Asks: 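Can you read through this structure? Questions will come right after.
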Amino acid sequence: MTDGAPTAGYARPWVVQPGAPVALHASLPQRTRVDVVRLVCANTEQRTDGSAHGPAARIVPVTEAIGDSHGPAPQRLAPGAQILAACDALPPWPRLCLVLAVQRLARGRPGAVLSLLDDQGVGLTIDLQLAAGGQAMLHLCLTGGAALEVPLPGQDWLLLKLWVEAGGLHLRTAVCRASVPDGVPDHWQSVPPARTSAAPRPWDTVPRLLRLGSRPGGLAAADLRLDLVSVVRRETLDALPPRALLAGAAEGPAAWEQAQGPGQCLLRARLGTGRSTQDLAAQASITEPQRPYTGVRGVRWDGRFHTPAQAPGHYSALHLQSDTLLDAHWLPTLQWAVPDDLPSGAYAFRLQGADASPPAYASFFVSAAGRPRHRVAVLLPTFSYLAYANAVPDMRGPLVAPIAPATHAAESRLDNLHPAHGRSLYERHPDGHGVLWAGSRRPLWSVSPGHRPWQFVADSWLLDWLDRIGQPVDVVTDHDLHRLGQAALAPYAVVLTGHHPEYTSTAMWDGLWRWLNGGGRLLYLGGNGWYWRTTVDAEADLIEVRRAEDGTRPHMAAPGESHCAFSGEYGGLWRRLGRPPQQLVGVGMAAQGFDRAAPYRKLADAQAPEVAFVFDGVTSDCFGQTGWWGGGASGWEIDRSDTDLGTPAGTWWLARSEGHAASMLRTKEELLSHAPLAQDAKARSDMVLAPVGNGMVFAVGSMTWIGALHGGQGGEAAGPTDVATVTTNVLRRFLDPVPLPRKPAPGP
């Protein structure tokens, strides 16, 4: 795909250390000037008079133009899952048999399923086509014209065994549903052979290349699942009926699948990181331009087991999607050596085309992990940035200002091409299956100026505010915390979060817990944090989320598919996994609503002299009544304290929000059967000082807190807001090494 595609690019690696190289991979349809900029503030929101809504953008050049202008050099995309297996020792067609099982969900796009060809492109192709009335048909075609069509059953598996003899294509089928009694038949159904005498004659050739999914020429993969894809010698399966072919394989491959050696290729799902596919015969050389999903139910799944670790033979399927784009595979345009002395922070390659349209940005982060400079760090939630990357408009956060048409240039470009640059974890594929994996090897339009304040752009407001108050900080990322654990945070006395650190791996949770217990001090300045377990394939720059059991979610894991393919861990809410956010940071997700934001009111603990530093200079009991995001400091997605969920004993409950709109509703995991739609006392933000081990957490429980740090909203002066005063007070006190006060235990 290149026609009409905009200038776009991405950086590898996405998180880079000073002194290391970072490459720009770009598609440039026109001559383009490239430089590197620091994204101090990526805000482009405007009022109707053209002035900034919130802090003005600060995009600071780091370099002059890198080289002469680049391009035109457009680069193509080839979406759709695709696996290539080069098999050098297969026998000629008359001596082999091809087995595969195919399942199509209730909907999805037609497309390429499989091809088995020789070096000249002669052999067999299988496509999924839609007949009149929407009936899904498998179209099997030999080079030379012999073709068969068989209907796919609705959501059941179709098991196929086919072979080629002189003159034609032979096929046997069986409809299988292993999850019900007697769901796998004892006998094959015969299909009349398709005969041809035309040249070239596949039965005179030796196949070599087995391809699953998308094929060259632009035919994308069909939306379906494949299992038991096997090229074996005919005598191996001649006497096996369907039931015998599927039997006895919960713990691993069946007997007929275990004979390794030349002359066969048995492609199965591979769980773990690095790649999705393995050859049980250990003969094929496999490449995966776009990886299919694994950790999904296969043709043998009978409902007895719900994790691949218990029954790997039930999870050997590959789920192909027509729109998969995990890696653009663009060639590098240029490479830039990050200077050793470059401050950590958010950066981008800025791509300015000759047509003077708004530039495109390929963002990356220079991390201080392992090379600290300051006592304070901002932990940027890069896993959450990936989860929301390239999301549809409904999942980009509320519109916060009257905007001019050019204000959201990145969003406009995304809308014009979506989903060509890959989907977010908040979407579904064309067959209705939820998106499970997201990565950084593609243009990330939502991690860029020209996007509304949600995720990265929102967090850049925090970076801007810290810079304006003269507070030097390092930047570290989720990627660093996942990779290094506690060591990523160990150099810092204080760490601040962004506004929405929703996606967290086990290694991240453990690392933050250990840092806090060792005496770390955290300002949690967001809401809906530490919500979904996230697993990582660092080799492929991917994250994975399985939305098991409960939670506010755009889709839910299918039965038996709640375990992550990358790690084997059970997915879902950290709350359901026995680690509610309240244990870690004192508060956890309580409610969401986007109509407007609300203020806080001080509580009795705020009057205690031990915590007087928090509200020094804030005399009113009600504060946070203004803000750039919804008009207040508490909004969008909000967290509350709850001792039943693990808020530590000795927590100071300083303030809570009040006056939310009726649309601020408690989250689904909070509800058993019914909750009042208004005046719900548990739909609130809590501001707390929570002791965690030897450390301390200041939590505000709101995604819009950072949007109230900058002054000037509502016609007021541009001086410090009460929200800024509170945040500054806590930050300065947390930097003081004097021990923080613990709330006395209540008397008898």
Side-chain angles (χ1 to χ4, degrees), residues 1-16 20-39 42 44 59 61-79 289-290 325-338 345-366 382 385-386 388-391 408-424 438-451 455-457 540-542:
M1 174 195 133
T2 59
D3 294 344
T7 297
Y10 57 95
R12 287 189 62 186
W14 197 44
V15 177
V16 65
V22 59
L24 169 66
H25 300 248
S27 178
L28 306 176
Q30 58 180 310
R31 295 294 288 173
T32 303
R33 180 185 185 275
V34 179
D35 63 352
V36 174
V37 295
R38 185 172 185 180
L39 303 176
T44 57
I59 299 171
V62 175
T63 68
E64 298 294 332
I66 302 176
D68 295 328
S69 60
H70 302 265
Q75 301 205 56
R76 292 187 173 274
L77 295 170
Q290 301 295 342
L325 199 290
L326 300 172
D327 189 332
H329 291 290
W330 286 346
L331 297 174
T333 302
L334 59 88
Q335 183 169 281
W336 181 62
V338 179
Y347 293 83
F349 291 105
R350 179 168 58 181
L351 285 62
Q352 180 64 68
D355 62 1
S357 60
Y361 296 86
S363 62
F364 60 93
F365 299 93
V366 175
T382 46
Y385 298 168
L386 290 181
Y388 284 94
N390 296 350
H408 292 161
E411 292 191 46
S412 297
R413 288 168 172 160
L414 172 60
D415 291 338
N416 288 336
L417 57 80
H418 193 64
H421 290 168
R423 295 187 183 274
S424 73
S440 58
R441 297 182 186 178
R442 56 185 175 130
L444 302 174
W445 297 100
S446 50
V447 192
S448 165
H451 192 280
Q455 295 298 322
F456 166 68
V457 174
D541 295 326
L542 295 173

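Keep in mind that this is a model prediction, so the values were computed, not measured.
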Asks: How close do A328 and L77 get, heavy atom to heavy atom, and via which atoms?
Replies: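 Taking A328 first and L77 second, the nearest heavy atoms are CB-CD2, 3.7 Å.
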Asks: Is there a donor-acceptor pair closer than 3.5 Å between any side-chain N or O of R442 and the backbone N or O of H421?
Replies: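 A pair under 3.5 Å: yes.
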Asks: Any chance you could lay out the side chain to side chain contact (heavy atoms under 4.5 Å, CB included) test for R413 and S357, step after step, and finish with the verdict?
Replies: CA-CA 11 Å; R413 288 168 172 160; S357 60; 3.5 Å; yes
Asks: State yes or no: are the ring centers of F364 and F349 separated by less than 6.0 Å?
Replies: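 Yes, the ring of F364 comes within the 6.0 Å limit of the ring of F349, centre to centre.
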Asks: Evaluate the side chain to side chain contact (heavy atoms under 4.5 Å, CB included) criterion for residues W445 and H451: first the C-alpha distance (whole Å), next the side-chain angles of each, then the deciding distance (0.1 Å), finally the verdict.
Replies: CA-CA 8 Å; W445 297 100; H451 192 280; over 6 Å; no
Asks: Looking only at heavy atoms, which two atoms of P29 and T7 are closest? And how far apart?
Replies: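 Looking at all heavy atoms of both residues, the closest pair is CD-OG1, 3.5 Å.
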Asks: What's the shortest heavy-atom distance between A26 and Q75, and which atoms?
Replies: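 The answer is O-NE2, 2.7 Å.
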Asks: To the nearest 0.5 angstrom, please state how far the CG atom of D327 sits from the CG atom of L542.
Replies: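 Here the interatomic distance stands at 8.0 Å.
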Asks: For side chain to side chain contact (heavy atoms under 4.5 Å, CB included), just list the numbers for T333 and V34, CA-CA rounded to whole Å, side-chain angles, deciding distance to a tenth of an Å, and then say yes or no.
Replies: CA-CA 10 Å; T333 302; V34 179; 5.6 Å; no
Asks: Between the main-chain N or O of P443 and the side-chain N or O of N390, is there a donor-acceptor pair closer than 3.5 Å?
Replies: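 A pair under 3.5 Å: yes.
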Asks: Could you tell me whether a side-chain N or O of E411 sits under 3.5 Å from a main-chain N or O of G450, the two making a donor and an acceptor?
Replies: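 Such a contact is absent between E411 side chain and G450 backbone.
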Asks: Are L414 and S446 side-chain neighbours, meaning at least one heavy-atom pair lies under 4.5 Å?
Replies: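 No, side chains not in contact.
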Asks: Tell me the closest heavy-atom pair linking A409 and P358, and the distance in Å.
Replies: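 Residues A409 and P358, closest heavy atoms: CB-CB, 4.0 Å.
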Asks: Would you mind reporting whether V62 and W336 have side-chain heavy atoms less than 4.5 Å apart?
Replies: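 Heavy-atom side-chain distance check passes, below 4.5 Å.
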Asks: For the side chain of Q30 and the backbone of G71, is there at least one donor-acceptor N/O pair under 3.5 Å apart?
Replies: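 Not a single qualifying donor-acceptor pair exists.
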Asks: Say whether, by atom type as modelled, one donor and one acceptor occur between the side chain of H25 and the main chain of R12 under 3.5 angstrom.
Replies: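 No; zero donor-acceptor contacts below 3.5 Å.
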Asks: Mark yes or no for whether H70, through its side chain, and D68, through its backbone, hold a donor-acceptor pair below 3.5 Å.
Replies: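 Flag set: sc H70 to bb D68 pair under 3.5 Å.
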Asks: Could you check whether any side-chain N or O of R350 sits under 3.5 Å from a backbone N or O of Y361, counting only pairs where one atom can act as donor and the other as acceptor?
Replies: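 No, because the side chain of R350 does not come within donor-acceptor range (under 3.5 Å) of the backbone of Y361.
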Asks: Distance check, rounded to the nearest 0.5 Å: L351 atom CG versus T32 atom OG1?
Replies: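 Between atom CG of L351 and atom OG1 of T32 there are 6.0 Å.
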Asks: H418 and R423: side chain to side chain contact (heavy atoms under 4.5 Å, CB included), yes or no, with the steps?
Replies: CA-CA 8 Å; H418 193 64; R423 295 187 183 274; 3.9 Å; yes
Asks: Does E64 reach the main-chain N or O of D35 with its side chain, forming a donor-acceptor pair under 3.5 Å?
Replies: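 No; zero donor-acceptor contacts below 3.5 Å.
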Asks: Of all heavy-atom pairs between L39 and P449, which one has the smallest distance, and what is that distance?
Replies: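 The answer is CD2-CG, 3.9 Å.
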Asks: Determine the interplanar angle of the W14 and F365 rings, folded into 0 to 90°, and report it as parallel if under 30°, tilted if 30 to 60°, perpendicular if over 60°.
Replies: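 Ring orientation of W14 relative to F365: perpendicular.
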Asks: With sequence neighbours excluded, what pairs up with Y347 under the ring pair (Phe, Tyr, Trp, His ring centres under 6.0 Å) test?
Replies: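 For Y347, no residue satisfies ring pair (Phe, Tyr, Trp, His ring centres under 6.0 Å) once neighbours in sequence are set aside.
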Asks: Which heavy atom of S69 sits nearest to which heavy atom of R33, and what is that distance?
Replies: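 Heavy atoms only, the tightest pair is CB-N, 4.4 Å.
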